[in-house]
Amino acid sequence: MTKGDLVDLIATKTGLSKADAGRALDATLEGIQAGLKKEGKVALVGFGTFATKTRAARNGINPLTKQPLSIPAKTVVSFKAGSKLKDSVN
């Protein structure tokens with residue numbers, strides 16, 4: 001499903017115009033991003049939890065040159081599905 005498909009679904013389910021549904025989806029995604037930056041966690045009960053995790057620095061190998069390289073530490077986003085989402089997919 002693409003973002004356009006999701007906007008169409010929101011518009012159909014809520015009776016909003018596609019433009020309003022698109023703005024609502026964009027605002028939701030911006031809210032999730034802001035919550036992750038500020039608190040490191042966004043929980044949507046029944047749907048799932050977005051959280052940030054820090055990956056430690058590690059050593060790797062460049063597959064082309066076989067030279068060792070250092071991969072720096074970074075923060076990544078993880079998602080854990082909630083019970084309602086797990087049940088609806090099965």
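Positions are given from 1, in the same order as the sequence printed here.
Phe79 pairs by the ring-ring contact (aromatic ring centres under 6.0 Å, His included) definition with Phe47, Phe50, not counting sequence neighbours. For Arg23, the salt bridge (Lys or Arg N to Asp or Glu O under 4.0 Å) partners two or more places apart in sequence, or in a different chain, are Asp20. Here Asp87 pairs with nothing under the side chain to side chain donor-acceptor pair (under 3.5 Å) rule; sequence neighbours left out.
Taking all atoms of both residues into account, the shortest heavy-atom contact from Ala11 to Ala21 is N-CB, 3.8 Å.
Contacts classified as side chain to side chain donor-acceptor pair (under 3.5 Å) and involving residues 25-43 (residues at least two apart or in different chains) are given here: Lys3-Asp26. The stretch residues 7-16 participates, sequence neighbours left out, in these side chain to side chain donor-acceptor pair (under 3.5 Å) pairs: Asp8-Lys18.
Taking CD1 of Ile10 as the start and CG of Leu25 as the end, the distance is 4.5 Å to the nearest 0.5 Å.
In this structure, Leu29 is a member of the same hydrophobic cluster as Leu6, with clusters built from ILVMFWY side-chain heavy atoms closer than 4.5 Å. Residues Leu9 and Leu16 fall into different hydrophobic clusters, defined by Ile, Leu, Val, Met, Phe, Trp and Tyr side chains chained together at heavy-atom separations under 4.5 Å. Ile32 and Val76 are assigned to two separate hydrophobic clusters, defined by single-linkage of ILVMFWY side chains at heavy-atom distances under 4.5 Å.
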Return all side-chain donor-acceptor pairs below 3.5 angstrom for residues 64-72, not counting sequence neighbours, or 'none' if the list is empty.
{"residue": "Thr65", "atom": "OG1", "partner": "Gln67", "partner atom": "N", "Å": "3.3"}
{"residue": "Lys66", "atom": "NZ", "partner": "Pro63", "partner atom": "O", "Å": "3.1"}

